[in-house]
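Notes to accompany the following structure.
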Protein chains: 2
Amino acid sequence: MTRSRNTEQKIFDAATELFLEKGVDRTSVREIATKAGINLALMNYYFRSKENLFNAIFSSLVKKNSEELIRILDSDLSLEEKIRQYVEVYIDMLSENPLLVSFVMAILHRSRERITEMKAISNLYATEKFTQQVLEEGKKGNINRTDPSQLFVDMLSLIAFPFAIKMLVIDKNNFSNKDFADFILERKKRIPDMLIEMLRKKS
Amino acid sequence: MTRSRNTEQKIFDAATELFLEKGVDRTSVREIATKAGINLALMNYYFRSKENLFNAIFSSLVKKNSEELIRILDSDLSLEEKIRQYVEVYIDMLSENPLLVSFVMAILHRSRERITEMKAISNLYATEKFTQQVLEEGKKGNINRTDPSQLFVDMLSLIAFPFAIKMLVIDKNNFSNKDFADFILERKKRIPDMLIEMLRKKS
DNA sequence: GTCGTTTTTAAACGCAGTTTAAAACAAAAA
DNA sequence: TTTTTGTTTTAAACTGCGTTTAAAAACGAC
């Protein structure tokens with residue numbers, strides 16, 4: 001018998017498991033309380049609301065996963081190598097953590113106006129260093145000049161959206177889960193190739 | 001079997017307006033009933049559930065908008081021209097109907113497993129004709145051989161995802177709504193250019 | 001052991017979507 | 001016209017949700 005964790009942790013852990021397993025909306029507070037073995041009202045005592053509990057869990061999940069992504073963007077790699085690594089790591093992260101996608105979708109759908117309040121999600125966006133690098137390489141003539149915002153949105157879209165429409169892709173192509181995994185795997189090469197080809201100066 | 005089409009229509013119209021205005025989740029059945037000027041229980045009488053009402057509205061909205069997209073994919077245009085038109089029309093459609101995006105997000109988030117049941121959403125995906133065209137042009141050597149599924153997912157991602165992360169983009173770039181509209185407008189050229197550049201055979 | 005604070009509890013609140021059973025209604029049958 | 005039949009509408013209640021309340025219990029410092 002392990003030493004009993006404190007109540008807050010028990011709620012956090014039970015909720016995380018349930019949220020990932022069946023989605024936020026389909027998980028009731030009463031269910032969380034039962035699984036955590038605590039009284040119903042304690043969820044509101046420790047986290048002010050279910051929404052808040054969700055945010056706490058999401059933030060921790062994003063934080064854990066986004067550090068490596070930011071490290072890549074802020075590194076001194078060449079733009080090409082940076083894009084290749086970023087795409088690869090991001091895709092790995094979403095592959096291993098498919099429910100992170102659900103979480104992000106839930107957030108984007110849930111609070112479109114209040115998205116800036118979700119500081120965590122910002123960690124999944126471009127950094128200043130990346131922006132500067134794109135501008136400078138363009139100025140130096142190493143790549144085509146391009147709006148860094150557009151480039152980053154391109155990259156993010158190509159990486160993330162296929163996960164969001166996973167079921168649609170599976171259905172339309174009669175894919176097995178393995179097929180879909182292979183489909184995604186191929187994108188690790190495809191996406192950087194496409195982006196870099198776009199940036200390459202034509203003579 | 002002659003139902004008063006009047007009441008059903010009133011519910012449908014009121015719900016459509018409210019769903020688009022404030023989102024499905026933030027619209028209560030009681031609110032719909034009030035706006036439609038009907039009794040609360042009639043929503044369940046005509047549509048079995050709120051979820052079902054949502055599906056009916058969504059299907060009609062998608063149907064109305066997707067016909068032109070399918071017509072383009074099934075046309076006899078060249079692949080390049082087809083891509084250009086498809087991107088342009090799709091972006092226009094999402095721009096003019098930003099809540100279609102919310103709807104799609106809601107669906108993707110709501111029922112990831114049961115997505116095939118939502119036949120309407122299939123209308124937003126590739127057609128057989130498009131797939132064949134990509135394969136044939138590749139075989140003929142007019143373009144690089146490429147997996148049509150990948151190409152279509154690329155295109156769809158680049159078109160749709162920026163709308164999904166609209167608030168994030170606005171926040172990160174300190175955009176006004178006009179700025180965002182311009183940002184999207186630029187993608188009408190950028191996306192086809194990128195895709196066609198990828199398909200162009202290099203000598 | 002007492003006091004003040006923190007934690008836990010049972011119960012209830014308000015709102016959501018939904019169901020029920022009776023009433024109102026319209027059109028066909030007598 | 002009156003009766004019957006089936007559809008449409010209604011008020012009320014049901015279940016389950018997230019949340020709040022106020023009192024009880026547990027705890028820690030003195």
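Quick note: numbers below take in every heavy atom, side chains included, and nothing from hydrogens, waters or symmetry partners. So you know, we letter chains A, B, ... as the sequences are listed, proteins then strands, and number each from 1.
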(request) Kindly write out the residues that satisfy salt bridge (Lys or Arg N to Asp or Glu O under 4.0 Å) with Lys189(B), not counting sequence neighbours, or none if the list is empty. (result)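 Lys189(B) satisfies salt bridge (Lys or Arg N to Asp or Glu O under 4.0 Å) with Asp193(B) once adjacent residues are dropped.
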(request) Check whether more than 12 heavy atoms from other residues, nucleotides or ligands sit under 6.0 Å from atom NZ of Lys22(A), and answer yes or no. (result)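 For Lys22(A), atom NZ is crowded (more than 12 foreign heavy atoms under 6.0 Å).
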(request) Evaluate whether atom NZ of Lys64(B) has more than 12 neighbouring non-hydrogen atoms of other residues, nucleotides or ligands under 6.0 angstrom away. (result)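 At most 12 heavy atoms, drawn from other residues, nucleotides or ligands, come within 6.0 Å of this atom.
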Rounded distance in Å - [atom1] ([X]) to [atom2] ([N]):
X        : N       : atom1 : atom2 : result
Ile11(A) : dG18(D) : CD1   : C1'   : 14 Å
Met43(B) : dT9(D)  : CE    : P     : 15 Å
Arg48(B) : dT20(C) : CZ    : P     : 15 Å
Arg26(A) : dG17(C) : CZ    : C1'   : 15 Å
Asn6(A)  : dT6(C)  : CG    : C1'   : 13 Å

Just so I know, are the side chains of [X] and [Y] near enough to count as touching, which here means a heavy-atom distance under 4.5 Å?
X         : Y         : value
Phe58(A)  : Leu61(A)  : no
Glu197(B) : Met194(B) : no
Leu42(A)  : Lys10(A)  : no
Lys82(A)  : Gln133(A) : yes
Val87(B)  : Met155(B) : yes
Ile143(A) : Leu79(A)  : yes

Is the ring pair [X]/[Y] parallel, tilted or perpendicular, if the boundaries are 30 and 60 degrees?
X         : Y         : answer
Tyr90(A)  : Tyr86(A)  : perpendicular
Phe152(A) : Phe130(A) : perpendicular
Phe175(A) : Phe183(A) : tilted

Please tabulate, for the side chains in residues 32-40 of chain A, all donor-acceptor contacts under 3.5 angstrom to protein atoms that are two or more places apart in sequence or on a different chain.
unit_1	atom_1	unit_2	atom_2	d
Thr34(A)	OG1	Arg30(A)	O	2.9
Lys35(A)	NZ	Glu17(A)	OE2	3.0
Asn39(A)	OD1	Ala41(A)	N	2.9

(message) Treating primed atoms plus P, OP1 and OP2 as sugar-phosphate and everything else as base, which nucleotides of nucleotides 23-29 of chain D get B, S or - for protein heavy atoms under 4.0 Å?
(response) -------
(request) Using a 4.0 Å cut-off on protein heavy atoms (strictly under), produce a 5'-to-3' string for nucleotides 8-16 of chain C with B for base contact, S for backbone-only sugar-phosphate contact, and - for none. (result) BBB-----B
Just the table, please: protein N/O against nucleotides 24-27 of chain C N/O, every pair under 3.5 Å.
none

(request) Using five base pairs at each end, measure the axis-to-axis angle across the helix from dG1(C)-dC30(D) to dA30(C)-dT1(D) and round it to 10 degrees. (result)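 The angle separating the two end axes equals 20°.
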